[in-house]
Amino acid sequence: MTSDRSPSSAGAVLPGARGPATPYRMTVTTALPHADAVALADEQLASWLKQEGCEEPPPTSDAAAGAPPAAERLRLGERVLLDRDHGPLRGGPGAGRYDRRRLRTPAPHGTRQLTLTVATGVGGPTWFRLEAETHSTGSGVRTPCRVPVPELARTLLPLLDAADGPAAVHSAPRVITADEVDDLIDELCDPERRLPTVVASVPVNLPLDHWVQEVVRPLCRQLPGLANAYVLDPGARTGFNVALEYHTVYGGAVRTYLPEVDPASRQDGVRHPVLARGRIEQDLRGAAGLLAREPRRLAADQPLPPTLAAVPVLRVPPPQLRPAAERTTVAVPAGTGAGASTAAAVDRAVDRAVDPVAELAALAREEQQDRAEQQARADELERVRHTLRLERRDRGQTREAHEVRLRTGTRGVLAGRHCSGPGAVGRRGAAQSAGRPVKPETFTELLARIGEFPLLTFTGDQKSALALDGLQCVGAGWARLAWDGLTALQEYAEAAVRGAAGGDFKQWCEHTPDGCHRFPPRKAVRGESRTVFSHTKWKRERMLPVPECVDASRRAFMGAHLRIGGGRTAPRLHYLDDCSGSGRIYVGYIGLHLTNTRTN
């Protein structure tokens, strides 16, 4: 990228061809409260981990006011470590609080590290910082010249209502009209602006939409979180260049305006580099890297805001090798140093304190447990397949028997399909004597009683749910947990049709009104990952039946689901919330986990 008064540097060698890659640094403020920003970051991080095939981290406990910082290290997969800590900022409990997440994942010839920090000072805004870097195994290893923009940055920016001073931070270029030129100039000259602002012009002989889609958007692909990008339409270009006569941009060129623009200074114009149209059209990909170089440098060199600078150094204990449900949070004292080198030294000291023999033995035990669990899941799948083969062979007899069960409301099932015993009968009698609704012990009974939920309609294939009864010895409680989910869905639907739900079903679970049935929020999932949605076969599995009044095709995508068991093959309940339309919730599937990246 060159200035309009300086020689081209297109032939310069990009830094980082060998050795460490240039890191990614995003520092913005958010309009969300501290707790909401942390919850949103955790949700998106867990969604990304699930998409990558890693275990989801357990929920964190809130930091009490004035409590010392606490830290924990979780192992979520092979060479996948998640460090979490929270506590007061340096300066005492009255200085504010912070929450931090550091994720380490394997990379070719090294390790990727992603650090997410949310910090709020007393009376100040909530700061949000996302850092991504790569640590190579040796100085001679060839690495990319820069760390790519993390996918989390692209997904979080629009959700955070991120800002840089008074200006909103966008994840994609925005078109500026003549009426918005004054606002853009005010943003360029604002003394609180920290991020660069990239302004693109449109060639006279090309339509605006074509230039934006084919050139500007790919050119700004590496800028989310590092700079704001705008495109001047023909009407805005004239007014903009008249007002900024020493900082003009035209003819398809793109200009990067660094902080502290002085529109009255001719000398200041040289400080803001211009990328010419010819350089862009010659090599669009190379021009995109050239355009991102200055924002990257500025993000890496700019000092931290005081609030983020007051975040103590991360100190974590050795990895917890026990199951996630048994992991505990270990309190550690607040650090007093700062800088990446100090943090790395602390981590090395902690790692040296671990007995290597004990660590290897623990890892061996963990690997043996994983193999045993995988074998158990494989055996479970084979039993389900065997059951389904028997049902297909005796389809007529099974259908007739099921119709009889639905008419009579009995709990009888085919031999070997359930493991109910005297204990279940005892629990049923105790619940009836106490006047409480009796939860079904099998999915056969659950389907027979689903009419007890007037605002829920089951539209799916009953066979997938009935097949779960053959696994009740393995997954006892699945039917009862599914009944809990249906009960909570019914109460949510009753409130939603009145407009009193206050959000979707997950928000209902997180803030269940007093007197209503509570369902665990972690078991309520809003939707499937982007990978599942974009995979044709997997998406088709989730196109489930609905009435014609909901969709003319009688099919709708049901990404929202309830987890009614644990493990890769554990059951799921998929549903469509149509309370705002037909005033009902449609349950399209109850059965084993549908195909995704982990079950395929």
Side-chain angles (χ1 to χ4, degrees), residues 1-4 24-29 130 146 148-151 153-158 160-178 180-190 193-203 206-237 239-241 244 247-259 261 271-277 279-281 284-299 302:
M1 185 166 52
T2 64
S3 168
D4 53 354
Y24 172 90
R25 302 279 189 267
M26 181 183 79
T27 305
V28 296
T29 59
L130 183 65
R146 60 179 62 88
V149 177
E151 191 61 28
R154 304 185 193 277
T155 57
L156 282 171
L157 271 177
L160 284 171
D161 293 332
D164 175 38
V169 178
H170 312 287
S171 58
R174 287 184 56 231
V175 176
I176 297 297
T177 61
E180 300 171 301
V181 168
D182 290 339
D183 293 337
L184 176 58
I185 294 175
D186 290 342
E187 178 179 333
L188 294 178
C189 301
D190 194 292
R193 181 168 66 95
R194 294 169 51 92
L195 301 182
T197 300
V198 173
V199 179
S201 60
V202 181
L206 291 179
L208 173 66
D209 293 341
H210 172 81
W211 187 256
V212 171
Q213 294 297 330
E214 301 297 326
V215 177
V216 179
R217 285 186 178 274
L219 186 66
C220 298
R221 180 68 180 168
Q222 301 181 29
L223 295 182
L226 301 175
N228 267 335
Y230 300 96
V231 184
L232 299 174
D233 70 8
R237 182 185 62 238
F240 182 87
N241 288 332
L244 297 177
H247 302 74
T248 57
V249 58
Y250 51 85
V254 178
R255 190 161 196 166
T256 301
Y257 295 87
L258 302 178
V261 172
R271 192 169 60 91
H272 309 282
V274 174
L275 188 61
R277 174 187 176 183
R279 177 66 179 86
I280 296 172
E281 293 180 329
L284 183 59
R285 183 175 180 181
L290 201 58
L291 183 65
R293 179 187 296 181
E294 193 64 17
R296 287 261 182 170
R297 182 197 63 79
L298 192 64
Q302 201 169 46

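Each residue takes its place number in the sequence, starting with 1.
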Checklist line | Sole residue of Leu208, Val215, Asp209 in side chain to side chain contact (heavy atoms under 4.5 Å, CB included) with Val202 | finding: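 Exactly one option meets the side chain to side chain contact (heavy atoms under 4.5 Å, CB included) with Val202, and it is Leu208.
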
Next item on the list: Identify which one of Leu226, Val198, Leu258 satisfies the side chain to side chain contact (heavy atoms under 4.5 Å, CB included) criterion when paired with Glu294.
Entry: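 In the set Leu226, Val198, Leu258, the residue that makes a side chain to side chain contact (heavy atoms under 4.5 Å, CB included) with Glu294 is Leu258.
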
Check: Should the heavy atoms of other residues, nucleotides or ligands under 6.0 Å from CZ of Arg154 be counted, would the total exceed 12?
Finding: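 Yes, CZ of Arg154 has more than 12 neighbouring heavy atoms, counting only those of other groups under 6.0 Å.
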
Notebook entry, point to check: Has Arg221 got more than 12 heavy atoms of other residues, nucleotides or ligands less than 6.0 Å from its CZ?
Noted result: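 Open: at most 12 neighbouring heavy atoms sit under 6.0 Å from CZ of Arg221.
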
Notebook entry, point to check: Side-chain donor-acceptor pair under 3.5 Å between Tyr230 and Glu180, yes or no?
Noted result: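 Per modelled atom types, Tyr230 and Glu180 side chains form no pair under 3.5 Å.
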
Heavy atoms only: give me the nearest [X]-[Y] pair and the separation to one decimal.
| X | Y | result |
| --- | --- | --- |
| Gly225 | Tyr24 | CA-OH, 3.6 Å |
| His170 | Leu157 | O-CD1, 4.3 Å |
| Ala172 | Arg217 | CB-NH1, 3.4 Å |
| Leu291 | Cys220 | CD2-SG, 4.4 Å |
| Gln213 | Pro218 | O-CD, 3.5 Å |

Notebook entry, point to check: Checking Asn228 side chain against Ala168 main chain: does a donor-acceptor pair fall under 3.5 Å?
Noted result: yes

Note to self: Does any part of the side chain of Asp186, heavy atoms only, come nearer than 4.5 Å to the side chain of Leu188, both counted from C-beta?
What the structure shows: no

Note to self: Is any side-chain heavy atom of Asp164 closer than 4.5 Å to one of Leu195?
What the structure shows: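 Of all side-chain heavy-atom pairs linking Asp164 with Leu195, at least one is under 4.5 Å.
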
Check: When the ring planes of His247 and His272 are compared, do they come out parallel, tilted or perpendicular, using 30° and 60° as the limits?
Finding: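 The arrangement is tilted - the two ring planes meet at 30° to 60°.
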
Next item on the list: Name all residues meeting the side-chain contact (heavy atoms from CB on, under 4.5 Å) criterion together with Leu206; count only those two or more places apart in sequence or in a different chain, and write none if there are none.
Entry: Pro203, Trp211, Arg277

Check: Quick one: side-chain contact (heavy atoms from CB on, under 4.5 Å) partners of Ala236, sequence neighbours excluded?
Finding: Ile176, Val181, Leu232, Asp233

Notebook entry, point to check: Rounded to the nearest 0.5 Å, how far does CD1 of Ile185 lie from CG of Asp190?
Noted result: 13.5 Å

